[in-house]
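Quick notes on the structure that follows.
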Amino acid sequence: MRPQDIVILLKIVSKGSRPWLNKELAEELYISAGEITYSLNRSRLARLINEDKRKVHIQSLLEFIQFGLPYVFPTEPGGPSIGLPTAHSHPLMQKVFKSEQIYVWPDATGNYSGISIPTLYPGQVMAAKRDENLYAMLAIIDVVRIGRAREVNHAIPLLKQIIKNA
């Protein structure tokens, strides 16, 4: 698995029942069409998507995010940066967590200053700006990546709710 594989699966989830093409995912995620194909093959091998690579196995994905993501794609907050709010600082998460610290994905066009959280892949900020559901899910994933157990236990049900409503 590669970090962008998680983003690709969440983008498919965000599309709900709408049909999609690999080319369309590539454009919306700022990833090459070839990388989409390779990613879907890796996800199929990991049993996170069905054999025809069209339907995400939601329960398996959620388990991987909750129990595997912090070990496979760990991160630590970086230095100060300007960017797009993520993790505890995403508007959805601020309803649950009261944090004085602002976490951001580095983005030169961002309106917030805070501690940087590395993205899972280079085009993530641009993709998140195009899709509110994807943005919320990726921000929740950052809580899983940097948060404490109590915070993760609050974040996972929010992620399930967003996925259910997609």
Side-chain angles (χ1 to χ4, degrees), residues 1-15 25 29-32 34-51 53 55-81 83-107 114-128 131 133-164 166:
M1 295 292 291
R2 292 187 180 169
Q4 65 266 28
D5 297 347
I6 302 305
V7 181
I8 292 167
L9 292 170
L10 290 175
K11 180 63 178 181
I12 293 169
V13 168
S14 178
K15 288 188 162 294
L25 289 180
L29 293 174
Y30 302 90
I31 297 176
S32 73
E35 185 54 42
I36 297 288
T37 300
Y38 294 135
S39 173
L40 294 175
N41 287 332
R42 287 189 297 268
S43 293
R44 184 187 54 78
L45 285 173
R47 298 185 189 116
L48 296 174
I49 197 164
N50 69 352
E51 285 296 318
K53 298 177 263 185
K55 184 175 184 319
V56 175
H57 296 297
I58 300 295
Q59 189 59 39
S60 298
L61 178 61
L62 287 168
E63 288 173 7
F64 179 75
I65 289 169
Q66 184 172 4
F67 301 112
L69 192 75
Y71 298 102
V72 178
F73 305 122
T75 192
E76 290 185 352
S81 183
L84 188 65
T86 187
H88 307 75
S89 304
H90 183 277
L92 178 65
M93 300 310 295
Q94 285 182 338
K95 296 175 183 175
V96 178
F97 303 115
K98 301 300 179 207
S99 176
E100 306 248 335
Q101 185 59 57
I102 295 177
Y103 295 101
V104 297
W105 292 322
D107 177 30
I115 300 298
S116 66
I117 301 291
T119 58
L120 291 169
Y121 78 101
Q124 180 172 317
V125 174
M126 293 183 297
D131 183 338
N133 276 340
L134 180 64
Y135 176 30
M137 290 187 283
L138 292 172
I140 291 170
I141 282 176
D142 281 347
V143 172
V144 174
R145 292 171 71 207
I146 68 167
R148 296 181 197 102
R150 179 186 69 83
E151 296 162 339
V152 171
N153 289 337
H154 284 289
I156 294 298
L158 288 173
L159 181 59
K160 287 179 183 178
Q161 181 181 355
I162 292 169
I163 289 173
K164 180 182 174 185

Nearest heavy-atom approach of Y121 to A127 is OH-CB, 3.5 Å

In terms of heavy-atom contacts, I49 and K55 come closest through CG1-O, 3.2 Å

With sequence neighbours excluded, tell me which residues meet salt bridge (charged side-chain N to carboxylate O under 4.0 Å, His left out) with R148.
-> E151

Side chains of Q66 and V144: closer than 4.5 Å at any heavy-atom pair?
-> no

Which value, rounded to the nearest 0.5 Å, describes the distance between Y135 atom OH and L92 atom CG?
-> 10.0 Å

From CD (Q94) to OG (S89), nearest 0.5 Å = 6.0 Å

Heavy-atom side-chain proximity of M137 to S14 below 4.5 angstrom | yes

Nearest heavy-atom contact between Y103 and P77 is CE2-CG, 4.0 Å

Does the distance from a Lys or Arg side-chain N to an Asp or Glu carboxylate O, for R145 and D142, drop under 4.0 Å?
-> yes

Please tell me if the side chains of D5 and L40 come closer than 4.5 Å, counting only heavy atoms from C-beta onward.
-> no

With a 4.5 Å limit on heavy-atom distance, are the side chains of I115 and I102 in contact?
-> no

Do the side chains of T86 and L138 get nearer than 4.5 Å, heavy atoms only?
-> no

Which atom names give the shortest non-hydrogen contact between A166 and V13, and what distance separates them?
-> CB-O, 3.3 Å

Specify the closest pair of heavy atoms between A46 and M1, including all atoms of both residues, with the distance to one decimal.
-> CB-SD, 3.9 Å

For the atom pair OG1 (T75) and CG (L120), what is the distance rounded to the nearest 0.5 Å?
-> 8.5 Å

Write down the atom of A128, the atom of W105, and the distance for their closest heavy-atom approach.
-> CB-CZ3, 3.7 Å

For the atom pair CD1 (I141) and CD1 (I65), what is the distance rounded to the nearest 0.5 Å?
-> 4.0 Å

Could you label the plane-to-plane angle of the H154 and F97 rings as parallel, tilted or perpendicular, counting under 30° as parallel and over 60° as perpendicular?
-> perpendicular

Test I163 against every option in V56, L62, N133, L158 by the side-chain contact (heavy atoms from CB on, under 4.5 Å) rule and name the one that passes.
-> L62

